[in-house]
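Atoms considered below: every heavy atom in the structure, side chains included; atoms not considered: hydrogens, waters and symmetry mates. Labels below follow one simple rule: chain letters A, B, ... track the order of the sequence lines, proteins then strands, and each chain is numbered from 1.
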Amino acid sequence: MIDIEKREEFDIEIDKTVGKPFIDDAKFSTRNVDVFYDDKQAIFDANIDIGKNQIIAMIGPSGCGKSTFLRCLNRMNDTIQGCHISGDIKLDNEDIYHKHQDPVLLRARVGMVFQKPNPFPKSIYDNVAYGAKLHGLASNKIELDELVEKSLIRAGLFKEVKDSLHKPGTGLSGGQQQRLCIARTIAIDPEVILMDEPTSALDPIATAVIEELMIDLSKKYTIAIVTHSMQQAARVSQRTAYFHMGHLVEVNDTNTVFTNPEHQLTENYITGRFG
Amino acid sequence: MNKNTTEIIKLKLAKRYAKEKRFKLYGISAIAVSIAFLLSLLINISVTGLPAFQQTYINIEVDIDSKLLKLDSQYSEQELFRANYSKVVKQSLKAMFPGVKGRKQKRALRQLVSKSAIYQLRDFVIDNPSVIDTKQSLWFLARDDVDVFMKGGIDRSLPESDRRLKDFQLVWVDKLLSENRLEKRFNVSFFTEDDSREPEQAGIKGAMIGSLLTMLVTMLLSFPIGVSTAIYLEEFAPKNNKWVDLIEININNLAAVPSIVFGLLGLAVFIGLFGVPRSVPLIGGLVLTLMTLPTIIITSRAALKAVPPSIREAALALGASRVQTTFHHVVPAAMPGILTGTIIGMAQALGETAPLLMIGMVAFIADVPQGITDPSTVLPVQIYLWSDSPERAFTERTSAAIMVLLGFLIVMNFLAVIMRKKFEKKW
Ligand SMILES: Nc1ncnc2c1ncn2[C@@H]1O[C@H](COP(=O)(O)OP(=O)(O)OP(=O)(O)O)[C@@H](O)[C@H]1O
Ligand SMILES: [Mg+2]
C-alpha cells in the first residue's frame, strides 16, 4: 500500500519551492543550499528566508532533512564526519560559512535545542550556568544564581528542581531534561534559537509552557522549530516550511499552509495522506 | 498471540533455559578454577613468606670494657668510632658460655649473632658514651641459622652432619632459650634495611624506594604524554588521514611488543645515545614509560570514545570551542576510564622485571637511593635476585617481598576503584 503511494509521490514534480519563501525582514536567508552526507544528498537546493522576531515551523515526514537543515544554520554539521554543504547561508546579511566567520561566535548567537535531550553529566545548576560562565555573562555569583533561576523559571522547570539544583541533570526525567536543555540555551541569550522537536518528550502541560515561552521569546528572538505536531505549528508559528525528501516544497504563512496549501505534497501531508 | 505460535515458543523455551543454565555453570566453574589457582598461589607464598616478617633476636650481657675497646680515658670521636667493638661482643659471648674451647667452637660461638651486632653496639655506644665501663643487657640480631632453627626449620632428629646447627650449638641455643635470651620479634629491619649479603640483615627498603622513584618517573612522564596523545588522536586529529592512521597502527602494535624489547631500546637510545646513567630510577622510569604509554593511550582513547557525541554537541552548540568542549566535558566524563587505564599501566610497570635487567637495574645495591640518579634496584628485580640465593632466609624474604609487591598492587587497584568512585560522583 505504502509503496504504491510512494510511487505516486515520486510522480509529483518538486521543481521550485512554492509559496512565499522570501520575505523582506530576513534574519537568516539561505540560497541554493545542498547538503551531502558523504555521497548521499540530504538537502536539495534549499532557498528560504527566516523572518526576524518570528517563529518558523518546519514540518515534514521523518527523514526528510529537517534536522539536517536546522543544523546548517549554526554550523553544527561541521562536526559530522563527511558532511559537506554548498550554497549561501546568511545571518544578518553575513555569510556564516565565510572563512573569517567564527563558528564559536556563531553558535553563541544561534542557540540550539536538540531532538534528543543531552544535558551535561553535571549538576542542574552547572548545566544552566555553563554557557553563561563560558561567555562571561554574569559578573558574580549572585548574578549567575539569578540568571540560572530566571532561565529555569522561563523553561518551566524551576518549581520541580528548585530544591535539587545541585543534583545531576542526567537524573531528571526525559521531559525535564529537555526543559533543562531549553533553559541552558536561553541562559546565553542567543539571537536565534533553533529547536529540534523540543516538545516531543513533554506532556501537554509542559508543552504549553514551552509554547508560551516560544511565543514570548519571539518578541525579541528569531525561532525556528522542527515539529511533527501540526497543531503545534499552527499554534505557535507565523510561517511554515514543508520539507519532503530533502526538498523544500512549500513555504508560506502558517495559516495559508494549513488552510490552503499550494502544493499537492503539502496537502497530502497535512491532510494525513502521507507521513 | 496465535495459539500455535505460543506452542512453538513454549517448546523452545525449555531448551533456551537449559542453554542458559549450562552457560552459567561454565562461568561458575571457570571462576572456581581461577580462584583455586589464585588461592593456592597466595597460600604458598604466605606460608613461605610470613616467617620473614619475624626475626630472631638474641640477648647478651655486654661488658663494655674500655680496655677491650682499646680506649684511653681521653678519646676522640674518631677513636670511639674505630674502637674494637667486635672484641667486646666476642668476650661477652665467651663470658656467657665459659666452657667453649677450640677454634671451631669459638668461631661458631661468634656466629650466634649477626655481624650487624658490632655496628649496633658501636652506634649504641656513640649515642650513649656513658655506658662505657658498664654492663648492659642488649638485644642483637641472631644469625640466620639460629633464626631458621627458631622458626622450626632445623630438625633435631637428623644426624648431626645433615644439620646446619651442630650438637654443641644446639646446647647453647637451648641454654639461651631456657634463660629467655632468644626471642622472635616483628622484623622491622626487613622494611628499614637495604639489601645485604647477610640474609638476616637484608631488607627491602632500598628496593621499595627504588620502585617508588621509578614509578614516580614513569607516572610523571607517561600520564601526561599518554593522556594528551589520546586526547589529540581522539578529539583533534583529522580523521581518515593516513599519517594519523599510521600512528594509530603503530601504537596498537607497540602494546604487543615484548617488554624486554623496550629494555633493549632503552639501552641503545637512552644509555647509548643520550648517556643516561645505568641502574638508576631515571632510566628505569624512561624505559617503563615506553612500555606503559601504549596501554595508557589505548585505554584513554577507549574512555574518550565512550563519551556520547551528544555531550560534545551540547557544549559546541552553547558556543564552547573545541578545546573547551574537550576539557570541560569530554575529559572529565572520560576521567574514570583514563585513571583506570593509567593505574593498570602503572601496576604493570611496577611488576615489570625483564626490561630493567637490560638496563642494569639488576646489580647488587646496598644503599638506599637518594634521588632518581642514584643506583638502585626495584622490588621485582630484588625478588629475582633473592630467589637465586640458596639460604633459607633469602627464600623466605623472596616470598615476603612478593607479598609486599602484591600488597602494593592491591593498594593501587583499590586506589583505582576509589578514584573512579570519586570522579563518578560528580555526575
Ligand atoms: N550523520 C549522518 N550521516 C549520514 N546520514 C545522515 C546523518 N544524519 C542524517 N542523515 C540522513 O539524512 C537524511 C535526513 O535526516 P534528518 O535527520 O535531517 O531527518 P529529519 O527530517 O530530522 O527526520 P526526523 O523527523 O526523523 O528527525 C536522512 O535520510 C538520514 O538518513
Ligand atoms: Mg530530526
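Within a 6.0 Å radius of NZ in B:Lys10, no more than 12 heavy atoms belonging to other residues, nucleotides or ligands are found. Other residues, nucleotides and ligands contribute at most 12 non-hydrogen atoms within 6.0 Å of the NZ atom of B:Lys12. Sparse packing is recorded around OH of B:Tyr26, with 12 or fewer heavy atoms of other residues, nucleotides or ligands lying under 6.0 Å away. More than 12 non-hydrogen atoms from other residues, nucleotides or ligands lie less than 6.0 angstrom from CG of B:Asn253. The number of heavy atoms from other shown groups lying within 6.0 Å of CG (B:Leu11) is above 12.
Taking 4.5 Å as the heavy-atom cut-off, the residues of residues 302-325 of chain B that approach chain A are B:Ser310, B:Ile311, B:Glu313, B:Ala314, B:Ala315, B:Leu316, B:Ala317, B:Leu318, B:Gly319, B:Ala320, B:Ser321, B:Gln324, ordered by number.
In this structure, the portion of A:Pro119 lying under 4.5 Å from any heavy atom of chain B is its backbone and not its side chain. Both the backbone and the side chain of A:Phe120 come within less than 4.5 Å of a heavy atom in chain B. Neither the backbone nor the side chain of A:Arg75 comes within contact range of chain B; no heavy atoms are under 4.5 Å apart.
Taking every heavy atom of both residues into account, A:Lys122 and B:His328 meet most closely at NZ-O, 3.0 Å.
The candidate from A:Lys116, A:His135, A:Arg107, A:Arg109 with the greatest count of non-hydrogen atom pairs under 4.5 Å with chain B is A:Arg107.
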Checklist entry - After noting the C-alpha distance and the side-chain angles of A:Tyr130 and B:His329, does the key distance pass the side chain to side chain contact (heavy atoms under 4.5 Å, CB included) rule? => result CA-CA 11 Å; A:Tyr130 179 67; B:His329 301 287; 3.0 Å; yes

